[in-house]
K.L.:
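Input: one structure, supplied below.
Residue numbers begin at 1 in each chain, while the letters A, B, ... track the order of the sequences.
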2 protein chains.
Amino acid sequence: MKTVSRVINKEPSVRKKTYDIVMEAVNELNYQPNLAARNLAGTSSFTVGLVYDNPNAYYVIDMQNGVLSRCKDEGYELVIHPCTYTDANMEADFITMIKRSRLAGLVLTPPLSEQSSITNLLDELNIHYVRVLSGRPTDDDQDTCIYVNDYKAAYEITTHLLTHGHENIGFICGDKEHKSTSERLEGYKAALADHNTQFNNEFVYDGKYSFESGVEGAKALLADNNKLAITAILGGNDEMAAGALFASRLMGIAIPEQLSITGFEDSPFSRQTWPKLTTAHQANDVISQHAARLLFTKTRGARNQDKDIITSFTPSIVIRESSGPKQ
Amino acid sequence: MKTVSRVINKEPSVRKKTYDIVMEAVNELNYQPNLAARNLAGTSSFTVGLVYDNPNAYYVIDMQNGVLSRCKDEGYELVIHPCTYTDANMEADFITMIKRSRLAGLVLTPPLSEQSSITNLLDELNIHYVRVLSGRPTDDDQDTCIYVNDYKAAYEITTHLLTHGHENIGFICGDKEHKSTSERLEGYKAALADHNTQFNNEFVYDGKYSFESGVEGAKALLADNNKLAITAILGGNDEMAAGALFASRLMGIAIPEQLSITGFEDSPFSRQTWPKLTTAHQANDVISQHAARLLFTKTRGARNQDKDIITSFTPSIVIRESSGPKQ
DNA sequence: AGTTAAAATGACAACGCTGTCAACAAGCTA
DNA sequence: TAGCTTGTTGACAGCGTTGTCATTTTAACT
């Protein structure tokens, strides 16, 4: 019985022959270890949690599916934990979750993953976690963070527009509190600087990552456009870009002939507009898979190390019909 | 110890005084029963599964949140199980899930919940389940099904258009294989009949519940519109309605002045179009809450019966700016 | 008060695994 | 070959609950 446990857990010091015999029986009986028993008996748990407060359903589903696919492979169970980090009950909810099922660890997704109040709480509770963050990797956090390099992606998408002759490029920002907003804005600024183009604060509109704020943003930026002479708008995400697209159309502006518009994230949104959006593809399912893998290696300690984990992702530009050369 | 167990499980034959003492300690220590141990020891399990194959992220998130909120209240754990019912591994995946964590039961969501191959499999495996289905309630399935009366909602939304003077009403259908498609079409037909309006098959376009098929549908229905003289289009869901809206705008048709468009479901989609869509609000979170409650009562047997479960929901019409009187 | 039934509580095994530690087998050295 | 080390396997307890059944307490009667 204990030997079977050793085989299942890929522990060393099982003879090859014994291993084969056990595996044959496992396959024949389609044996699956009982998770409840494993969680109860073992020192480490086979349950991980995914915590999110992002209201974007597409994003959440992608993150879930990525983590889930790794969980399936590795025999882990996933507990999903939607929440709002402003909620007064947040702390109590965390503790309830942790007490009910002992967790191997948590995957935290943005924007909640940016809150130090949460990481402090988890540190206190001695809970492992991996954070998905918008930003550029630093040296020290390589084993607890997965970075999405929004800075670089914004740099590249801005460069794409600049090399197509655009100089007056509007930027519709997301929520100021989100790290992704400042990262994307910095990337935009850096690209301008590297192409000897003057940054103009009037080209920046403070949006809220919502469709409606994209509509408002485009209206604001394009109102009396003789002044700013904007020929391209960079949306902070696909929803706002879609909003900008819609507003432009209402104003009778032809896309991409008179105005180029780009999005960010490559959510289904970017393909449900006409023309389809040029955007930066963010492989959220892959990102979350790696987050899960990183968490697994942390909790399993030295054994079964997974060396191919990517901790920094850069969204790649997808050029579609909403952007073109300046005319 | 056993007495605490009795209090936690609200079993009878615990003296009021004892109950209070235990509860006081429970509150003081913020005691939470360990789920793994409960699942292992008890005859019934505290884990339910949510199975879905619907590609609509908004829908899935709503269903998850509804089930999850009940699970939290009742101390259950949720295992999410995305799948595709055409997948050859589906059966094996189910069995793996069931063996890994003994389940109290499953909540099945459409369109997968319509597949008898799945319910047959679960019957064989002796797994409890509750299905969410599009359709009108029948007498026999009241304790295993939650119905969403798409028929009636489509009837009402069609009536809304009819009473606003529209007679030539286009209908963009969803996938033919989905029950919701035929239910909604039947409701549309019934409303026409009750208002002495001739049903015309040329007014019906076979879409696929996607934005693009909505675009195509509107184009097809409105092409050479002198012939059909369509003044309103009923979208089979919000995505297709949004597509139809977009196509109409490209064709220079004013909404709602020249054409009324309605959606179905009231997903965020319907609020991200301009004008916002008149649609039928489907309270997916409430629906899935009731599905979870129904499942709980099934597995708990006679004790803790929940009598206020609604097993039939009718989406309610939300009138927004995309529809108006015929002009 | 004495008897009996009913209600409330407690003792203990069991759920299906894993961790610990003891026992045994195999390979090595002298 | 004995004597050692290392590698491999097995016996057994325990994880935190619940189900079963025995025991104690309370209530309801003569």
K.L.:
Need the bend value for the helix from dA1(C)-dT30(D) to dA30(C)-dT1(D): angle between end axes, 5 pairs each end, nearest 10°.
P.N.:
40°
K.L.:
Does a side chain donor of either Asn54(B) or Thr109(B) reach within less than 3.5 Å of an acceptor in the other side chain?
P.N.:
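No, Thr109(B) and Asn54(B) have no side-chain donor paired with an acceptor closer than 3.5 Å.
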K.L.:
Can you check the Lys2(A) NZ to dA11(D) C1' distance for me, whole Å?
P.N.:
12 Å
K.L.:
Listed by chain and number, what are the side-chain hydrogen bond (donor to acceptor under 3.5 Å, both in side chains) partners of Ser113(A), not counting sequence neighbours?
P.N.:
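By the side-chain hydrogen bond (donor to acceptor under 3.5 Å, both in side chains) rule, Ser113(A) matches no residue at all.
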K.L.:
Please identify each residue that fulfils ring pair (Phe, Tyr, Trp, His ring centres under 6.0 Å) with Tyr151(A), with sequence neighbours left out.
P.N.:
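Partners of Tyr151(A) by the ring pair (Phe, Tyr, Trp, His ring centres under 6.0 Å) criterion come out as none, since no residue qualifies.
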K.L.:
Rounded to whole Å, please give me the gap between CE in Met1(B) and C1' in dT9(C).
P.N.:
13 Å
K.L.:
Using the closest heavy atom to pick a nucleotide of DNA chain C for each, name whichever of Leu40(B) or Val14(B) lands nearer the 5' end.
P.N.:
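It is Val14(B) whose nearest nucleotide is closer to the 5' end.
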K.L.:
Rounding to an integer number of Å, can you tell me how far Glu11(B) CD sits from dT18(D) P?
P.N.:
8 Å
K.L.:
Using atom CZ of Arg100(B) as one end and atom C1' of dC15(C) as the other, report the distance to the nearest whole Å.
P.N.:
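The distance from CZ of Arg100(B) to C1' of dC15(C) comes to 20 Å, rounded to the nearest Å.
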K.L.:
Checking contacts here: which listed nucleotide (dT18(C), dG16(C), dG19(C)) is nearest the side-chain heavy atoms of Ala37(A)?
P.N.:
dG16(C)
K.L.:
Between residues 15-26 of chain A and DNA chain D, which residues have a heavy-atom gap below 4.0 Å?
P.N.:
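Here the set is Arg15(A), Thr18(A).
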K.L.:
Starting from P on dG16(D), measure out to CD on Gln32(B) and report it in whole angstrom.
P.N.:
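My rounded result for the distance is 15 Å.
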K.L.:
Nearest of dG10(D), dT18(D), dG19(C) to any side-chain atom of Thr3(A)?
P.N.:
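The answer is dG10(D).
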K.L.:
Would you please confirm or rule out a distance under 4.0 Å between OP1 or OP2 of dC15(D) and any side-chain N or O of Asn34(B)?
P.N.:
no
K.L.:
Can you pull out every salt bridge (Lys or Arg N to Asp or Glu O under 4.0 Å) where at least one residue sits in residues 17-46 of chain B? Sequence neighbours excluded, please.
P.N.:
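For residues 17-46 of chain B, and leaving out neighbouring residues, the salt bridge (Lys or Arg N to Asp or Glu O under 4.0 Å) pairs sorted by first residue read Lys16(B)-Asp20(B).
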K.L.:
With a 4.0 Å cut-off on N to O distance, would you call Lys72(A) and Asp93(B) a salt bridge?
P.N.:
yes
K.L.:
Please say which of Phe296(B), Tyr147(B), Phe313(B) ends up in a ring pair (Phe, Tyr, Trp, His ring centres under 6.0 Å) with His290(B).
P.N.:
Phe313(B)
K.L.:
Whole-Å distance between dT17(D) P and Leu35(B) CG?
P.N.:
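Value for this atom pair: 10 Å.
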K.L.:
Glu77(B): what forms a salt bridge (Lys or Arg N to Asp or Glu O under 4.0 Å) with it, not counting sequence neighbours?
P.N.:
none
K.L.:
So does Glu74(A) pair up with Arg293(A), basic N to acidic O under 4.0 Å?
P.N.:
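Looking at Arg293(A) together with Glu74(A), the answer is no, because their closest N to O distance does not fall below 4.0 Å.
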K.L.:
Would you mind telling me which residue lines up with the more 5' stretch of DNA chain D, Ala41(B) or Ser13(A), judged by nearest nucleotide?
P.N.:
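The residue closer to the strand's 5' end, by nearest nucleotide, is Ser13(A).
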K.L.:
Determine whether any donor atom in the side chain of Arg6(B) lies under 3.5 Å from an acceptor atom in the base of dG10(C), or the reverse, and answer yes or no.
P.N.:
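Checked by distance alone, the answer is yes.
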K.L.:
For Tyr52(A) together with His81(A), are the ring centres under 6.0 Å from each other?
P.N.:
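Ring centroids of His81(A) and Tyr52(A) are no less than 6.0 Å from each other.
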K.L.:
Report the distance from atom CZ of Arg38(B) to atom P of dT18(D), rounded to the nearest whole Å.
P.N.:
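Checked: the CZ to P distance equals 5 Å.
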K.L.:
Measure the OH-CG distance between Tyr76(B) and Leu35(B) for me, rounded to the nearest 0.5 Å.
P.N.:
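Output value for this atom pair is 10.5 Å.
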K.L.:
Looking at Tyr31(B), I'd like to know whether one of its side-chain N or O atoms comes within less than 4.0 Å of OP1 or OP2 on dT17(D).
P.N.:
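It does, given that an N or O in the side chain of Tyr31(B) lies less than 4.0 Å from OP1 or OP2 of dT17(D).
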K.L.:
CG of Asn39(A) versus P of dG16(C): gap in Å, rounded?
P.N.:
15 Å
K.L.:
Does dT17(D) have its OP1 or OP2 closer than 4.0 Å to a side-chain nitrogen or oxygen of Ser5(B)?
P.N.:
no
